[in-house]
There are 2 protein chains.
Amino acid sequence: MTFSVATIDAAVAPPPMPAPPTQAAETVTGRCAGCSARSKGLCGALTAGDLPDLSTASRPLDLLSATPVVMEGEEADAVFTVMSGMLKLYKTLPDGRQQITGFATAGDVIGLAVGSGYAYTAETVTASTVCRMSRTALRRLMERHPAVQGRLLAMTSVELSAAQDQILLLGCKTAVERVSSFLLALSRRSRPLADGTPSVFLPMPKVDIGAYLGLRPETLSRVLRKLEVAGAITRLTNDRIRIEDPAALEAAA
Amino acid sequence: MTFSVATIDAAVAPPPMPAPPTQAAETVTGRCAGCSARSKGLCGALTAGDLPDLSTASRPLDLLSATPVVMEGEEADAVFTVMSGMLKLYKTLPDGRQQITGFATAGDVIGLAVGSGYAYTAETVTASTVCRMSRTALRRLMERHPAVQGRLLAMTSVELSAAQDQILLLGCKTAVERVSSFLLALSRRSRPLADGTPSVFLPMPKVDIGAYLGLRPETLSRVLRKLEVAGAITRLTNDRIRIEDPAALEAAA
DNA sequence: GGCCCGCCCTGATCTGGATCAACCGGACCC
DNA sequence: GGGTCCGGTTGATCCAGATCAGGGCGGGCC
C-alpha cells in the first residue's frame with residue numbers, strides 16, 4: 001500500500017513547476033536557500049554552508065487541497081516539512097470516527113514515526129507545498145549534523161507539550177472553554193489586522209475544527225454564535241474571526 | 001518556589017538509607033551498576049564503562065506515597081527517572097479541575113520541560129524510588145554521550161504517540177471504550193497471573209483512573225460492573241483485575 | 001440562467017455521562 | 001469497643017452536548 005505517494009504524485013497542482021529560469025547550478029544549491037520555511041523546522045538547525053546537503057536530501061511538492069500526504073499505518077518511509085498551506089493530522093477508529101490531533105502549518109514536520117508505520121493520516125486542507133525527505137536521508141542528515149537531532153528533539157518536545165494541553169482540553173473543558181482556548185491559541189500565532197485587533201484565519205471546514213475540539217459542528221456553530229452575541233468575537237467572513245475581547249476569551253478558557 | 005524539592009527531602013522514607021556496607025569506592029561507581037532500572041530510560045543508552053558518569057550525575061530518592069516530585073509551572077531544574085513505584089502526572093485548571101495525562105512507572109523519565117517551567121505536576125501514588133539528575137548534569141551527559149540524546153528523542157516520540165492515542169480516546173470514545181482500552185493497554189505491559197490469564201494491577205485510586213480517562217469515579221465504577229457482568233473481567237481485589245476475555249475488551253475498545 | 005451540492009446555521013429532541021445523594025466497609029484512632 | 005474518615009458502590013435525577021431535521025446560501029457546472 002503506497003497509496004499516499006501515488007496520490008501525491010497524481011495530485012501535484014498543474015503546471016508542475018517549470019525548471020527555474022536561473023542557472024543550472026542554482027537548481028540544487030539554491031532551492032533551499034530561497035525557501036520561505038528555511039529558518040523553521042528541521043532546516044533551521046543548519047547553516048547556509050550546509051544547504052547543499054539539504055537540497056539534495058529533499059524535494060518540494062505542490063499539492064492541491066484534500067490531498068493525503070501520509071496514511072496512518074502505512075510504511076513510514078519519509079518525513080515532510082510544510083512550506084506553505086495547512087494540513088490536518090487525524091486518527092481513525094475502525095468504525096470511521098475521526099479525531100484530528102493537530103493542524104500543521106509552515107515549518108511543521110509531519111510523518112515522524114516511532115515504529116515502522118505512520119501514527120496518523122495527514123491531509124491538506126488548503127493547497128499546500130511540502131518538502132519530502134526520505135527517512136534514510138533524514139538519518140544521514142542527523143548523523144552528519146548533530147544539531148538536526150537536537151532540533152528534532154526540541155520540536156518533538158513542543159509537540160508533546162501541545163498534545164498534553166489538548167488532553168487537558170478534551171478531558172476537562174466545556175464546549176465554550178474549548179472554543180475559547182482554540183481561538184486564543186490560534187490568535188497568538190497569527191498577525192493582527194491592520195487596525196491592530198487580533199484575528200484568526202480558519203481555512204478548514206467547521207467539521208474539522210469540531211473534530212479537533214471533540215465537538216459536533218452544530219455545537220461549534222452554537223458556541224461561536226454565543227461568543228459573538230457576548231461581544232467577544234466578530235465573524236468577518238466564513239473563514240476569518242476578529243477577536244474583540246481577548247480578556248473575555250481568556251476568562252472563558 | 002522550590003516547594004517540590006523541599007517536600008521530597010522532607011518525605012524521604014525513614015530510615016534515610018544508611019551508607020552501603022561495601023567498600024567506599026562502590027558507593028559511587030556501584031550505585032547505578034546495581035540499579036533495577038539500569039537498562040531502561042536514559043541509562044539504557046550508556047554502556048557499563050560510562051557508569052561513573054551516571055552515578056556522579058544522579059542521586060536516588062525514596063519517596064512515600066502522595067509525595068509531589070515536580071510542580072507544574074515551577075522552575076524545571078532537574079529530571080527524574082522512576083526506579084520503582086508509580087507516579088501520576090497531571091495538569092490543573094485555575095478552578096481546580098485536574099486532568100491526569102499519564103502514569104509513570106519504572107524506567108519512565110519525568111520532568112523534561114520545553115521552556116523553563118515543568119509542564120505538569122508529578123506525584124507518587126505508591127511509595128516510589130526516583131533518581132534525580134539536574135538539568136545541567138543531563139546536558140553535560142548528552143554532550144558527552146550523544147546516544148543519550150538519541151534515547152531521549154526516542155522516548156519523547158513514544159510519549160508523543162501515547163499522548164495522541166489519549167487524544168483519540170478522549171475525543172472520540174465512549175466510557176466503555178475508554179475503560180476497555182485502558183485495561184488492554186495496561187495488560188499488555190504487565191505479567192499474566194500464574195495460570196496464564198492476563199491481569200492488571202491498579203494501585204491508584206479510582207478517582208485517578210477516572211481523571212485519566214475523562215470520567216467521574218461513579219461512571220468508572222458502573223462501567224467496570226458492566227464489564228464484569230458481561231464476563232469480560234473479574235475483580236479479584238480492589239486493586240487487581242483479571243482479564244477473562246481479552247477479545248471482548250478488544251471489541252469494546 | 002437554473003440546477004445541484006457542500007457547507008453552514010438553527011430549532012427540536014434525545015441521551016450518555018455528570019451530578020446529587022445515600023450507603024457500605026475497611027483503616028485508623030481514641 | 002465505638003467513632004470517624006475515606007474510598008468505593010449504587011440509585012435517582014439532571015443537563016451539556018449529540019443527534020435528528022430542515023432551511024439558507026454560495027460556488028461550480030450544465
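Order of the sequence lines sets the chain letters (A, B, ...), proteins ahead of strands, with each chain counted from 1. Computed from a prediction, not measured in an experiment: that's the story for all the values here.
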Next item on the list: Look at A/R225 and C/dC9 and indicate whether a side-chain polar atom (N or O) is within less than 4.0 Å of OP1 or OP2.
Entry: no

Notebook entry, point to check: Do B/R222 and C/dT19 have a side chain to base donor-acceptor pair shorter than 3.5 Å?
Noted result: yes

Item checked: Candidate nucleotides C/dC8, D/dG8, C/dT19, ranked by approach to the side chain of B/N238 - the nearest -> D/dG8

Margin query: If I take atom CG in residue B/L224 and atom C1' in nucleotide D/dG7, what distance separates them, rounded to the nearest angstrom?
Written below: 14 Å

Margin query: Using a strict threshold of under 4.0 Å (side-chain N to carboxylate O), is an ion pair present between A/K206 and A/E218?
Written below: no

Next item on the list: Rounded to the nearest angstrom, tell me the gap between atom CG in A/L169 and atom C1' in D/dG17.
Entry: 15 Å

Note to self: Please report the distance, rounded to the nearest Å, between CG in A/L215 and P in D/dT19.
What the structure shows: 12 Å

Next item on the list: Starting from P on C/dT10, measure out to NZ on A/K206 and report it in whole angstrom.
Entry: 12 Å

Notebook entry, point to check: Do B/Y90 and B/Y120 have their ring centres less than 6.0 Å from each other?
Noted result: no

Margin query: OP1 or OP2 of D/dA18 versus the side-chain N and O atoms of A/T219: is any pair under 4.0 Å?
Written below: yes

Item checked: B/S199 versus B/R240, side-chain donor and acceptor atoms under 3.5 Å -> yes

Notebook entry, point to check: Out of D/dT9, C/dC8, D/dT19, which nucleotide sits closest to the side chain of A/E218?
Noted result: D/dT19

Check: Roughly, in whole Å, what's the span from CD in A/E177 to P in D/dA16?
Finding: 12 Å

Item checked: Nucleotide nearest A/S221 when distance is taken to its side chain, options C/dA18, D/dC20, C/dC9 -> C/dC9

Notebook entry, point to check: Which of the following nucleotides, C/dC8, C/dG17, D/dG8, is nearest to the side chain of A/P205?
Noted result: C/dC8

Margin query: Between C1' on D/dG8 and CD1 on B/I241, what's the gap in Å once rounded to a whole number?
Written below: 13 Å

Notebook entry, point to check: Does a side chain donor of either B/K173 or B/S181 reach within less than 3.5 Å of an acceptor in the other side chain?
Noted result: yes

Checklist line | Salt bridge A/R242-A/E228, side-chain N to carboxylate O under 4.0 Å | finding: no

Check: Separation of B/R216 atom CZ from D/dG7 atom P, in whole Å?
Finding: 15 Å

Checklist line | Side-chain N or O of B/R235 closer than 4.0 Å to phosphate OP1/OP2 of D/dT9 | finding: yes

Note to self: For a quick check of understanding: with a heavy-atom distance under 4.0 Å over all strands, which category does B/G214 fall into, base, sugar-phosphate or nothing?
What the structure shows: sugar-phosphate

Checklist line | Nearest-angstrom distance from the residue atom CD1 of A/I209 to P of C/dC8 | finding: 8 Å

